[in-house]
Amino acid sequence: MSRVTIVVAMHDGLSTALILAASRFIDVTKVIDLPLLADIRLEEYRKSFLKILEEHQEVLVLTDILVGACSVALLPLLQNKQFALVTGANLTMLIDSIEYCDELNATELMKYVKQSSINDIKNVDDFYKEFNNGK
């Protein structure tokens, strides 16, 4: 069992698709998919997440956008529950979360994956020029 459980909480099939994409690079069996489907009420969604918190000591939640329904549904729970939540999740963030979930606690992992995702954003023109100048 991992030190930190990774939960991907996103709209419709986005969380499922992100996990599937990550599975091409890393074992995703440690990841919990928590999609917010159109027919699920926010209270139901919160209850599903609370069940996850009951079963896992340390949890890192990756959501798509800060003002989205997934984040809005889970943010009030931060007051009483111990978990870390980071928005703007992408493939780099998910892969790094899985890779380091055994080594870092939830807060450290949240900070690490946020920074690694920021570092992974590149202007491809500049990156290409740097790469070719190095040859």
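Computation of the quantities below employed the complete heavy-atom set of this structure, encompassing side-chain atoms and omitting hydrogens, waters and symmetry-equivalent molecules.
Under the side chain to side chain contact (heavy atoms under 4.5 Å, CB included) criterion, Leu77 pairs with Arg46, Phe49, Leu50, Leu74, Phe83, sequence neighbours left out. Partners of Leu66 by side chain to side chain contact (heavy atoms under 4.5 Å, CB included), not counting sequence neighbours, listed by chain and number: Leu75, Thr87. For Gln115, the side chain to side chain contact (heavy atoms under 4.5 Å, CB included) partners are Ile118, Asn119, not counting sequence neighbours.
For the 3.5 Å distance criterion, the side chains of Thr63 and Ser71 qualify, holding a donor opposite an acceptor.
When atom types are taken as modelled, the side chain of Arg3 and the backbone of Cys101 share no donor-acceptor pair closer than 3.5 angstrom. Between the Tyr45 side chain and the Leu34 main chain, a donor and an acceptor come within less than 3.5 Å of each other. No side-chain donor-acceptor contact under 3.5 Å links Asp12 to the backbone of Leu14.
Judged as a salt bridge (Lys or Arg N to Asp or Glu O under 4.0 Å), the pairs with a partner in residues 26-40 (not counting sequence neighbours) are, in order, Lys30-Asp102. Within the structure, the salt bridge (Lys or Arg N to Asp or Glu O under 4.0 Å) test picks out no pair touching residues 105-122 (sequence neighbours left out). Applying the ring pair (Phe, Tyr, Trp, His ring centres under 6.0 Å) rule to pairs touching residues 9-43 yields nothing, sequence neighbours excluded.
The distance from the OG1 atom of Thr5 to the CD atom of Glu58 is 9.0 Å, given to the nearest 0.5 Å. To the nearest 0.5 Å, atom CD1 of residue Ile95 and atom CG of residue Asn90 are 9.0 Å apart.
Within the 4.5 Å cutoff, the side chain of Val28 has heavy atoms near those of the Ile98 side chain.
Val59 is connected to Leu78 through a chain of hydrophobic side-chain contacts under 4.5 Å among Ile, Leu, Val, Met, Phe, Trp and Tyr, so both are in one cluster. Both Val4 and Val86 are part of a single hydrophobic cluster, where members link through side-chain heavy atoms under 4.5 Å apart.
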